[in-house]
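Residue numbers run from 1 in the order of the sequence given.
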Amino acid sequence: MKNRIFISLLVISSAFILIADDLIFKKFGIEFSNNFGYSNTPNFIYSISQSISSILLLGTFLTKSKPYKIAYLFVVYVQLLQLSWVFFSNDYNSYKYFNIGAFGFTILFALLIIVINKAIKDEKSKTQQIDYLKSMIELQIILRDKRK
């Protein structure tokens, strides 16, 4: 259970990296002197964040534990948001889309908490059922041994 939650958070962080670059530049105004061939620092950081996000997401696929399926919605949501910026926006940067991304992230995170909470309750219920069945089997063995 804990591994599944951790892997889900890694998937979510791979999506968050993609919108975090907007926050960094909007809030801190970071500029590098060397952009390694990119036209400006935001484009350079955007490219790096795409790579890091992909590597992180690929790493979650290689683990034994699988994330909750709702975690993939974060990645799909952010990718669709970025595609809409690329194809439908004339803006130089995606700063306008940060608020939309944050709003969607908040809603998806609330849904994730609900899903994880339900999964924890289901696991506790299964554990209680297993304990009950074990005690019934033990009682049956005791009663069978008394008959002999």
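Of all heavy-atom pairs spanning Ala15 and Ser53, the tightest one is N-OG, 4.4 Å. Shortest non-hydrogen contact noted between Leu81 and Ser84 is O-OG, 2.7 Å. The two atoms that bring Tyr72 and Leu57 nearest to each other are CE2-CD1, 4.4 Å, heavy atoms only. Minimum heavy-atom separation, Val11 to Pro67: CG2-CG, 3.9 Å. Minimum heavy-atom separation, Gly59 to Thr63: O-CG2, 3.4 Å.
When the side chains of ILVMFWY residues are joined at heavy-atom separations under 4.5 Å, either directly or via intervening members, Leu111 and Leu9 end up in a single hydrophobic cluster. Linking Ile, Leu, Val, Met, Phe, Trp and Tyr residues whenever their side-chain heavy atoms come within less than 4.5 Å places Trp85 and Leu18 in a single cluster. Leu80 and Ile19 fall into different hydrophobic clusters, where Ile, Leu, Val, Met, Phe, Trp and Tyr are joined by side-chain heavy atoms under 4.5 Å apart, directly or via other members. One hydrophobic cluster, built from ILVMFWY side chains closer than 4.5 Å, cannot hold both Leu108 and Ile114; they sit in different ones. Using a 4.5 Å cut-off between side-chain heavy atoms of Ile, Leu, Val, Met, Phe, Trp and Tyr, with links allowed through other members, Val75 and Ile100 fall into different hydrophobic clusters.
No side-chain donor-acceptor contact under 3.5 Å links Tyr77 and Gln82.
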Hey, can you pull the donor-acceptor pairs under 3.5 Å for the side chains in residues 125-138, sequence neighbours left out?
residue, atom, partner, partner atom, Å
Thr127, OG1, Glu123, O, 2.8
Ser135, OG, Asp131, O, 3.4
Ser135, OG, Tyr132, O, 2.7

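A search for ring pair (Phe, Tyr, Trp, His ring centres under 6.0 Å) contacts involving Phe105 returns Phe16, Phe74, not counting sequence neighbours. By the side chain to side chain contact (heavy atoms under 4.5 Å, CB included) test, Phe87 is found to be paired with Leu83, residues two or more places apart in sequence or in another chain being considered. Taking Tyr38 as the reference, Ser47 meet the side-chain hydrogen bond (donor to acceptor under 3.5 Å, both in side chains) condition, with sequence neighbours excluded. Partners of Ser13 under the side chain to side chain contact (heavy atoms under 4.5 Å, CB included) rule, at least two apart in sequence or in another chain, are Leu10, Leu56. For Phe6, the ring pair (Phe, Tyr, Trp, His ring centres under 6.0 Å) test picks out no residue, with sequence neighbours left out. With sequence neighbours left out, Ile113 forms a side chain to side chain contact (heavy atoms under 4.5 Å, CB included) with Phe109. For Ile52, the side chain to side chain contact (heavy atoms under 4.5 Å, CB included) criterion is met by Ile17, Ile48, not counting sequence neighbours. In terms of the ring pair (Phe, Tyr, Trp, His ring centres under 6.0 Å) criterion, Phe103 has no residue partners (sequence neighbours excluded). Residues passing the ring pair (Phe, Tyr, Trp, His ring centres under 6.0 Å) test with Phe88, sequence neighbours excluded: none.
Pairs passing the side-chain hydrogen bond (donor to acceptor under 3.5 Å, both in side chains) check and including a residue from residues 109-121, sequence neighbours excluded, read Lys118-Asp122. Every pair tested for salt bridge (Lys or Arg N to Asp or Glu O under 4.0 Å) that includes a residue from residues 56-81 fails, sequence neighbours excluded, so the list is empty.
With rounding to the nearest 0.5 angstrom, the CD atom of Gln140 is 8.0 Å from the CG atom of Leu143. To the nearest 0.5 angstrom, Ser8 atom OG is 5.5 Å from Ile116 atom CD1.
No side-chain heavy atom of Asn34 sits less than 4.5 Å from a side-chain heavy atom of Phe44.
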